[in-house]
Amino acid sequence: MTVWVEADLCNGCKRCLRGCPYGALEFSGEKASVLDRCTSCGACIELCRQGALKSDILPRTVPDFSDWKGIWVFAERRDGQLSHGTLELLGKARQLAEVLDQEVCALLVGHGVSHLAQTLIRYGARTVYLAEHEELAHYRTLPYTDVLEGMIEKYRPGVFLMSASHLGRDLAPRVSRRVGAGLTADCTELEVDPDEKILLQTRPAFGGNVMATIVSRYSRPQMATVRPGVMEAVERPENAGRVVTVPVWVSERSCAAKLLETVREKKDAVKLCEAKVIVAGGRGLGDAGGFRLLEELAEIVDGAVAGTRVAVEEGWIPADRQVGQTGQSVRPELYIACGISGAIQHRAGMLNSRYVLAINKDPRAPIFQVADWGIRGDLREVIPELVRQLKRGL
Amino acid sequence: MDIVVLIKQVPDSTEVKLDPKTGHLLREGIGSIMNPDDRHALEAAVRLKEAQGGKVVALSMGPAQAVDIVSEAIGMGADEGILLSDSAFAGADTWATSSTLGKAIEKIAKYDLVLCGRQAIDGDTAQIGPQVAEYLGLPQVTYACDIEAARDDGTIMVKKRGEGGYEMVQCPLPAVLTVIAEMNRTRYPAIGRLIDACAERAPVQIWNAADIGAKTGEVGLAGSLTHVIRTFAPKGGRRTEMLEGDTGTVVRTLLEKLQEKHLVLPGAQAGAVGQEGKKS
Ligand SMILES: Cc1cc2nc3c(=O)[nH]c(=O)nc-3n(C[C@H](O)[C@H](O)[C@H](O)COP(=O)(O)OP(=O)(O)OC[C@H]3O[C@@H](n4cnc5c(N)ncnc54)[C@H](O)[C@@H]3O)c2cc1C
Ligand SMILES: Nc1ncnc2c1ncn2[C@@H]1O[C@H](COP(=O)(O)O)[C@@H](O)[C@H]1O
């Protein structure tokens, strides 16, 4: 399979360049040429108005999926509560459902969890499918996979969303392979294509250097895991819904892997994903003592302290306080970045903050490009002054 | 214990840049490395072998130059290497990749454990491990951070990192584990082994689509269920207002701005900020 350029037809417009996800087209002179790294994906072919891009790829027929309907959300629990990511998914699912004119359903799996159904409804679910069984009390990959497989086969959802949490990233790929569906990992944007009515799944790749939009044309459900902290949870007290209890059967074979013990290591601080104000620090703090400045500020504004990977690696803050691509995504009302350069991997986690304040000595630090307000200065002076003025206000 | 380790060649992500005009990856001159998590998976496999005997096979799917990391794996202690390389494999999503790796593992046939990295730094999907496990019909443990030697009853104890702690899982063999960096410290390849790995009689095989019995339409782009339709540079850019003046003034201006946006910081009571302003 190859893609090639009919040089006579190419008018040099370069439209094709924009469409190639792999950067495999080049204009050395007036005409496009195809580089070795071309994967024959064919994205350029549709874009070329001159019909100058040719290929021997056979067009693949898209099956009829008109009976796959509904936007489903997997309800994840943490410490007996629904995870915040689940509520965020419901918020997004409602938006998608409105565009598609379909129903939002939540799938609640566990044992003794029926009381959580009302919360799912309050955040947007119209139908909650409740699958309960003793063997499902604690999450384990295979019994849960069995349940999800059964539900997907029976109810044929068009879209199936899960949180890109540890659990979601364990379960979603397993289920996708079981039911034969495409899966897009760790999405940060979901939209419906207005023409094709399929899900446009956008996610960062290459360490956040590139965003890629991915579609699932050839299988259903359209499965995606969504990064927690990116979508917005919306409470809808007026929403009415119903709970449907479904029968569950768990095979002995699926229970062969045994969970021997679960150990909690950390006590809960203010959850980063729920904090209204986050005071974050990086290498510019200099040492663990520097973080005491941030804690003082955080205490006054009732915020949470977070940091960059450097701060974690230096041992100034615990790993679960890292914001960024390999840490958490957050969306506070105000993100105060102190002594943080604003590397792309860090920005990936804080871009959804409503307002950003950056304090940095270096006026060229990239963090200023993503800030609403910038203060060029030494944080050791600025933060104590901020604390002083805030205290005086009390 | 015989172990298959899945390793992937990835661009050295810290170096990746975008063309500011087209939004494309500039890959020229970017080094390729063995995916960091896979290095830890390989180290874990070699240590298990050293403790309990058996054989370690490093398996990778990629273009011809990915043979470099297969050789490196042998340098680090793998006994054999297999590179799945065929233009038919190009453009694969995780569905097609897991089919391809799964078919190759079926062909290898003799194994007790499959180890892979948790996620590759180019795609960051973390999907291949669980999807290969499902393809092979084996149990999986993801986020493995410690492994205890296999037991006589045919199970293995795995410590699995969770979001607020960890779990101890007893898993029957054969199984698929995805490994995180916390598992171990990796060794450098031994020079002698590296030289052997690049010699003519090196224990490295290259398999193509026919070798693993893959049909067109099952692998590569044609066998994929998802497709990238667009790539673009991440949106950055807010309109940044730089606050100027001495520290006292800057902070005062800031608090006024926050109040304008109705961002009420619990410490900054309404009016207090104004008072502060009047004093100056
Ligand atoms: C695959 C991968 C994943 C990654 N994931 C993450 C992630 O999830 N999260 C993350 O944060 N990083 C991540 N990183 C690391 C990231 O690339 C950067 O290295 C890191 O974010 C930089 O941290 P920093 O801003 O604290 O340090 P630096 O880049 O060193 O910046 C320190 C800043 O502090 C300023 N400064 C110094 N002293 C003062 C002072 N007295 N007053 C005011 N300003 C001062 C300096 O001007 C400088 O701009 C990842 C990297 C890779 C390769
Ligand atoms: N092409 C490949 N060849 C071999 N192993 C792979 C390949 N792609 C992914 N893997 C393995 O699967 C893990 C997860 O990859 P990913 O799902 O792409 O994040 C990697 O760390 C590798 O161990």
Side-chain angles (χ1 to χ4, degrees), chain A residues 17 21 23 39-41 43 141-142 166 169-170 173-174 177-178 182-186 205-216 218-219 256-266 300-302 333-334 368-377 381-382 385-386 389-390 392-394, chain B residues 13 16 18 22 24-25 90-91 95 98 121-127 130-131 134-135 139-140 142-143 162-172 221 225-232 234 236-238 240-243 247-248 250-251 254-255 257 261 263 265-269 272-273 276:
Chain A
L17 279 189
T39 65
S40 304
C41 79
T141 314
L142 293 179
H166 271 41
R169 297 186 84 170
D170 184 81
R174 187 88 200 195
R177 183 83 226 182
R178 176 84 56 92
L183 169 65
T184 308
D186 212 14
F206 290 97
N209 288 281
V210 191
M211 302 298 292
T213 302
I214 294 167
V215 296
S216 211
Y218 303 102
S219 60
K258 295 211 161 32
L259 180 59
L260 298 186
E261 91 179 294
T262 306
V263 180
R264 279 212 133 275
E265 285 178 323
K266 290 155 211 141
I300 298 180
V301 300
D302 206 7
E333 290 290 301
L334 178 63
F368 286 129
Q369 292 159 23
V370 294
D372 298 279
W373 303 289
I375 297 180
R376 179 194 165 184
E381 289 167 22
V382 178
E385 176 65 19
L386 184 55
Q389 293 199 18
L390 283 170
R392 200 179 311 166
L394 281 174
Chain B
S13 121
V16 172
L18 269 197
T22 62
H24 285 143
L25 279 184
W95 170 269
S98 57
I121 58 173
D122 53 353
D124 283 340
T125 80
Q127 283 171 196
Q131 290 185 331
E134 175 63 26
Y135 184 95
Q140 74 191 44
T142 51
Y143 297 90
E163 267 155 296
Y166 63 86
E167 291 174 357
M168 295 303 301
V169 182
Q170 184 176 11
C171 185
L221 189 85
L225 297 177
T226 59
H227 294 92
V228 177
I229 56 166
R230 188 166 82 103
T231 55
F232 55 100
R238 289 170 190 246
T240 310
E241 188 181 344
M242 293 302 285
L243 309 178
T247 309
V250 170
V251 168
L254 171 73
L255 291 178
K257 301 267 174 205
K261 301 284 180 199
L263 261 176
L265 301 181
Q269 302 292 315
V273 175
E276 177 73 20

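The analysis underlying the following values was restricted to heavy atoms, covering all of them including side chains, and did not include hydrogens, waters or symmetry mates. In this text the structure is predicted, and so the values were computed from the model without any measurement. Numbers restart at 1 for each chain; the letters A, B, ... are given by sequence-line order, proteins then strands.
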What residue, out of Leu259(A), Asp372(A), Thr141(A), has the most heavy-atom pairs lying under 4.5 Å from chain B? Asp372(A)
Do Asp170(A) and Gln140(B) have side chains that approach each other closer than 4.5 Å (heavy atoms only, starting at C-beta)? yes
To the nearest 0.5 Å, what is the distance between CG (Asp186(A)) and OG1 (Thr125(B))? 9.5 Å
Keeping Thr240(B) on the side-chain end and Phe368(A) on the backbone end, is there a donor-acceptor pair under 3.5 Å? yes
Examine whether an atom of Tyr135(B) lies under 4.5 Å from a heavy atom of chain A, and if so say whether it belongs to the side chain, the backbone or both; otherwise answer neither. both
Do you see a donor-acceptor pair shorter than 3.5 Å between the side chains of Arg169(A) and Thr142(B)? no
Under a 3.5 Å cutoff, is there a donor and acceptor pairing between the side chains of Gln131(B) and Arg174(A)? no
Between atom CG of Leu225(B) and atom CD1 of Ile214(A), what is the distance when rounded to the nearest 0.5 Å? 12.5 Å
Reported OG1-to-CZ distance for the pair Thr213(A) and Arg230(B), which is rounded to 0.5 angstrom: 4.5 Å
From CA spacing to verdict: side chain to side chain contact (heavy atoms under 4.5 Å, CB included), Glu167(B), Glu261(A): CA-CA 6 Å; Glu167(B) 291 174 357; Glu261(A) 91 179 294; over 6 Å; no
Donor-acceptor pair, Thr247(B) side chain versus Glu381(A) backbone, under 3.5 Å? no
When the 4.5 angstrom heavy-atom criterion is applied to Leu142(A) and chain B, the contacting part is side chain
May I ask you to test the Trp95(B)-Leu183(A) pair for a side-chain heavy-atom distance under 4.5 Å? no
Can you find a pair of side-chain heavy atoms, one from Leu255(B) and one from Gln389(A), that are under 4.5 Å apart? yes
Side-chain contact test, heavy atoms from C-beta onward, threshold under 4.5 Å: evaluate it for Val215(A) versus Val228(B) and give yes or no. no
Indicate yes or no: at least one non-hydrogen side-chain atom of Ser98(B) is less than 4.5 angstrom from one of Arg177(A). yes
So which part of Thr262(A) gets closer than 4.5 Å to some heavy atom of chain B, the side chain, the backbone, both or neither? both
If you count heavy-atom pairs under 4.5 Å with chain B, which of Gly374(A), Ala185(A), Ala256(A) comes out on top? Gly374(A)
Would you call Val382(A) and Val251(B) a side-chain contact if the rule is heavy atoms closer than 4.5 Å? yes
Geometric class of the Tyr218(A)/His227(B) ring pair [parallel <30°, tilted 30-60°, perpendicular >60°]: perpendicular
Looking at every heavy atom in both Val169(B) and Ala257(A), which two are closest together, and how far apart are they? CG1-CB, 4.5 Å
